[in-house]
Undergrad: 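Pasting in a structure now, in structure tokens, and then I'll have a few things to ask.
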Amino acid sequence: MRWTRYPLSTMKETPAEAEIVSHRLMLRAGLIRRLAAGIYTWTTFGLLTLRKVEAIIREEMDRAGAFEVLMPAVQPAELWQESGRWAEYGPELLRFTDRGERAFVIGPTHEEVITDLVRRELQSYRQLPVNFYQIQTKFRDEVRPRFGVMRGREFIMKDAYSFHIDEASLAEGYEQMRVAYTRMFTRMGLTFRAVRADSGAIGGSASEEFQVLADSGEDAIAFSDVGDYAANLEMAEALAPAAPRAPARAALQRAETPNVRTIAALTKFLAVPAAQCAKTLLVEGASGGVVALVLRGDHELNAVKAQKLPGVASPLRMASPDAVLAASGAEPGYVGPVGLACPVIADRSAAALADFVCGANARDTHFTGVNWGRDLPEPEVADLRNVVAGDPSPSGQGTLSIARGIEVGHIFQLGRKYSDAMNCAVLDEAGRSTNLYMGCYGIGVTRVVAAAIEQNHDDRGIIWPEPIAPFQVVLVPINIARSQRVRETADRLYDELTRAGIEVLLDDRDARPGAKFADAELLGIPHRIVVGERGLDAGKLEYRHRRAEASEDCPLDDALGFLRARLAPR
RNA sequence: CGGGGCAUGGCGCAGUCUGGUAGCGCAUCUGCUUUGGGAGCAGAGGGUCGCAGGUUCGAAUCCUGCUGCCCCGACCA
């Protein structure tokens with residue numbers, strides 16, 4: 001493509017609304033333009049990448065044996081009333097009526113429509129299992145759309161729904177999707193993890209999120225350096241320390257600690273490591289009263305784990321300062337498990353402490369040399385904390401790292417929720433009507449593009465992973481208006497590379513070199529060839545990969561061969 | 001939904017407090033010069049100042065209402 005004939009406009013300045021890198025770069029590079037809150041136009045240029053992502057998804061879904069369909073964006077309310085979600089779904093569901101006052105929704109997802117289709121079309125277990133997918137525009141009236149296309153209201157999603165005669169078949173279908181997703185994101189050149197997720201309200205036995213790793217991600221995930229264990233931080237189990245608790249050596253002593261209310265202050269004041277301190281949090285109990293949760297000083301409470309404990313109120317609520325005073329006799333900052341009347345639950349690591357430091361339940365006082373079993377009863381033990389980097393993996397292999405991720409895909413075993421509600425059944429081998437088991441599998445297609453940028457950029461612009469780059473090569477002729485030699489060489493190269501099937505953007509604008517370089521870097525095209533008088537004199541072109549620090553020479557008479565050796569196979 | 005903020009040419013902003021000719025940078029167009037890291041000079045085009053009322057001789061500016069958008073907290077692809 002010749003730049004001067006292409007509807008592409010870049011921006012030097014960033015629109016004020018753009019908060020995160022991918023949003024800024026997508027606007028500056030001209031991939032998207034905003035129409036309304038959370039609603040964007042994809043430009044001709046932006047579509048190049050979007051279509052590549054879609055193509056990879058299609059190929060892998062087809063390879064996995066799924067069948068593409070295209071369902072309507074507009075759906076009748078009756079289906080949603082039948083599934084029960086008309087009432088369950090909140091204001092995120094965009095509802096409207098047509099001229100005949102009939103109620104409709106704009107689909108945020110398509111379980112109802114596909115279930116309706118399948119119950120009409122399939123009659124026999126012989127037609128199963130089957131998986132239908134589509135790539136289609138969805139609408140969710142998000143409370144707070146933000147970050148451009150990352151959390152838009154209108155977005156493109158690949159959603160797939162599989163149907164099975166029994167749970168074993170569902171598990172197989174689910175596993176096939178897991179494999180397909182892994183192939184897709186690998187092919188897109190993204191660094192990602194399949195993460196165990198809380199199957200949550202939807203229910204079902206299994207659920208995994210596919211998270212693209214990026215520092216700006218909204219989700220924290222823990223993953224092992226050995227094997228493929230990965231889980232949401234809330235879900236990752238913190239194992240008990242491998243070593244048994246050390247024997248008590250120190251004597252229980254009372255220490256004056258005026259105005260020392262935090263672990264940080266305590267470690268300084270008494271010159272003890274945080275890992276030798278116990279912090280005691282009082283939370284509301286399930287049936288009134290309070291419960292003491294004891295953690296090591298260097299650990300954080302995991303609210304999801306805590307509120308799952310039978311004695312603890314769910315959702316988790318911290319006890320009020322008054323309740324803390326009433327239960328412990330001290331204000332927050334001096335609470336400790338010694339002599340507490342309320343139930344005490346210790347994190348596995350805290351329970352393994354010996355000779356530890358904790359609050360003495362009296363103002364300006366702590367205990368040192370505290371030991372479970374000797375100075376206070378052995379506590380109830382539970383997993384209460386967030387895992388931290390370096391913890392052993394719950395899989396038993398390797399140690400954990402913590403990273404941030406962007407959720408780009410989610411696969412679920414739904415079970416029979418929709419087939420029961422909507423009476424979606426076939427006849428089984430015995431001729432009995434049987435409701436089907438369902439799986440559902442989503443990918444945020446538009447979000448994938450944003451996530452790819454979040455993961456792959458520098459301060460100059462985007463750095464596209466090659467498989468989803470809008471162009472493979474950018475040709476930058478220097479001083480094209482003056483030098484006929486440069487122009488002719490660039491034209492010839494452009495024709496040659498294009499004929500060879502390479503996607504080339506020729507920057508044939510009469511612009512200064514600096515402006516062209518800056519734009520090429522902003523657009524993030526992986527391979528750059530510079531044509532200039534300087535090089536031509538020496539029979540050379542100049543090549544540089546978008547990630548490379550420096551340029552290298554490229555032979556003028558074999559640019560094609562030179563490039564082919566560097567382009568990713570398609 | 002609760003809290004805060006913004007709305008002035010395509011983009012980024014000043015002007016609003018203290019009413020009086022609508023301005024700056026970038027971008028765009030023309031000409032000349034320039035050409036290896038976002039050029040210089042000269043000129044040009046482009047704005048119902050979010051919308052509707054009101055106050056006033058006069059409103060971007062003051063008052064009222066509305067709308068749109070952005071940012072901070074509970075979900076999701």
Side-chain angles (χ1 to χ4, degrees), chain A residues 9-20 23-24 27-28 30 33-39 53 57 89-93 107-110 135-160 181 185 197-198 200-202 207-212 218-219 232 303 315-316 405-412 440-451 460-461 476-483 486-487 507 509-522 528 530-537 541-542 544 551:
Chain A
S9 63
T10 58
M11 274 188 281
K12 202 148 96 178
E13 284 175 290
T14 312
E17 77 215 36
E19 187 68 7
I20 59 169
H23 190 193
R24 277 202 292 270
L27 289 170
R28 288 225 290 138
R33 294 290 181 237
R34 192 183 70 86
L35 180 65
I39 300 179
V53 170
I57 292 172
Y89 230 96
E92 256 191 22
L93 181 62
T109 175
H110 281 69
I135 294 177
Q136 204 239 22
T137 298
K138 308 280 195 225
F139 193 93
R140 294 184 188 170
D141 202 351
E142 286 278 344
V143 181
R144 188 145 102 77
R146 56 186 141 170
F147 304 149
V149 113
M150 186 76 87
R151 183 186 292 270
R153 292 194 293 172
E154 183 176 303
F155 59 101
I156 297 173
M157 178 166 150
K158 187 286 300 175
D159 48 329
Y181 273 39
F185 294 123
D198 195 349
I202 301 185
S207 163
E208 280 158 291
E209 294 171 353
F210 283 75
Q211 298 265 359
V212 167
E218 292 187 85
D219 302 320
N232 271 325
L316 188 76
I406 298 164
E407 184 186 351
V408 291
H410 202 157
I411 57 178
F412 277 100
C440 80
Y441 318 95
I443 292 179
V445 180
T446 36
R447 181 182 282 185
V448 165
V449 177
R460 297 178 171 192
V476 183
I478 301 294
N479 199 1
I480 194 171
R482 278 279 184 87
S483 169
V486 165
R487 184 172 356 135
D507 190 351
R509 296 175 298 172
D510 178 21
R512 299 175 70 88
K516 291 188 175 193
F517 292 150
D519 271 339
E521 282 153 0
L522 173 63
R528 185 184 81 185
V530 175
V531 184
E533 289 276 354
R534 212 161 74 181
L536 291 184
D537 290 337
L541 300 165
E542 187 182 299
R544 186 144 157 191
S551 302

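Just so it is clear: chains get the letters A, B, ... in the order the sequence lines come, proteins before strands, and each one is counted from 1. Predicted, not measured: the structure shown is a model, and the values here were computed from it.
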Undergrad: Not counting sequence neighbours, list each pair that qualifies as a side chain to side chain donor-acceptor pair (under 3.5 Å) and has a residue in residues 441-451 of chain A.
TA: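 Sorted result for residues 441-451 of chain A: S162(A)-Y441(A).
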Undergrad: Going by the rule side-chain hydrogen bond (donor to acceptor under 3.5 Å, both in side chains), which residues pair with R153(A) if we only count those two or more places apart in sequence or in a different chain?
TA: D141(A)
Undergrad: Counting Watson-Crick and G-U wobble pairs only, both distances under 3.5 Å, name the nucleotide matched with G2(B), or none.
TA: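 Across any shown strand, G2(B) pairs with C72(B).
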Undergrad: Pull out every protein N or O sitting under 3.5 Å from an N or O of nucleotides 12-14 of chain B, one pair per line with the distance.
TA:
residue, atom, partner, partner atom, Å
G12(B), OP1, A16(A), N, 2.9

Undergrad: Would you kindly compare F210(A) and R144(A) by the position of their nearest RNA chain B nucleotide and give the one closer to the 5′ end?
TA: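 This one resolves to R144(A).
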Undergrad: Which one of I57(A), D159(A), I156(A) satisfies the side-chain contact (heavy atoms from CB on, under 4.5 Å) criterion with I443(A)?
TA: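 The option that passes is I57(A).
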Undergrad: Do E218(A) and R151(A) sit within salt-bridge range, that is, some charged N less than 4.0 Å from a carboxylate O?
TA: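 A salt bridge links E218(A) with R151(A).
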Undergrad: Listed by chain and number, what are the ring-ring contact (aromatic ring centres under 6.0 Å, His included) partners of Y181(A), not counting sequence neighbours?
TA: F210(A)
Undergrad: Could you tell me which residues satisfy ring-ring contact (aromatic ring centres under 6.0 Å, His included) with H110(A), sequence neighbours excluded, listed by chain and number?
TA: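 Result, ring-ring contact (aromatic ring centres under 6.0 Å, His included) vs H110(A): none returned.
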Undergrad: Treating primed atoms plus P, OP1 and OP2 as sugar-phosphate and everything else as base, which nucleotides of nucleotides 34-47 of chain B get B, S or - for protein heavy atoms under 4.0 Å?
TA: BBBBBB--------
Undergrad: Between R34(A) and E17(A), does any NZ, NE, NH1 or NH2 come within less than 4.0 Å of an OD or OE carboxylate oxygen?
TA: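 Looking at E17(A) and R34(A), the cut-off is met.
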Undergrad: Could you give the distance separating C11(B) and G46(B) at their C1' atoms, to the nearest angstrom?
TA: 14 Å
Undergrad: Drop me the distance from L536(A)'s CG to L541(A)'s CG, to the nearest 0.5 angstrom.
TA: 6.5 Å
Undergrad: For a quick check, tell me whether the side chain of R151(A) and the base of C75(B) share a donor-acceptor pair closer than 3.5 Å.
TA: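 Yes, a donor-acceptor pair under 3.5 Å.
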Undergrad: Say you pick atom P in G54(B) and the same atom in G10(B); how far apart are they, in whole Å?
TA: 28 Å
Undergrad: Judged by each residue's nearest nucleotide on RNA chain B, which is more toward the 5′ side, V149(A) or A18(A)?
TA: A18(A)
Undergrad: Establish whether the base of C11(B) is bridged to the side chain of R33(A) by a donor-acceptor pair shorter than 3.5 Å.
TA: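 No.
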Undergrad: Determine the interatomic distance between P on A42(B) and the same-named atom on A27(B); round to the nearest Å.
TA: 16 Å
Undergrad: Both distances under 3.5 Å, Watson-Crick or G-U wobble: report the partner of C29(B), or none.
TA: G43(B)
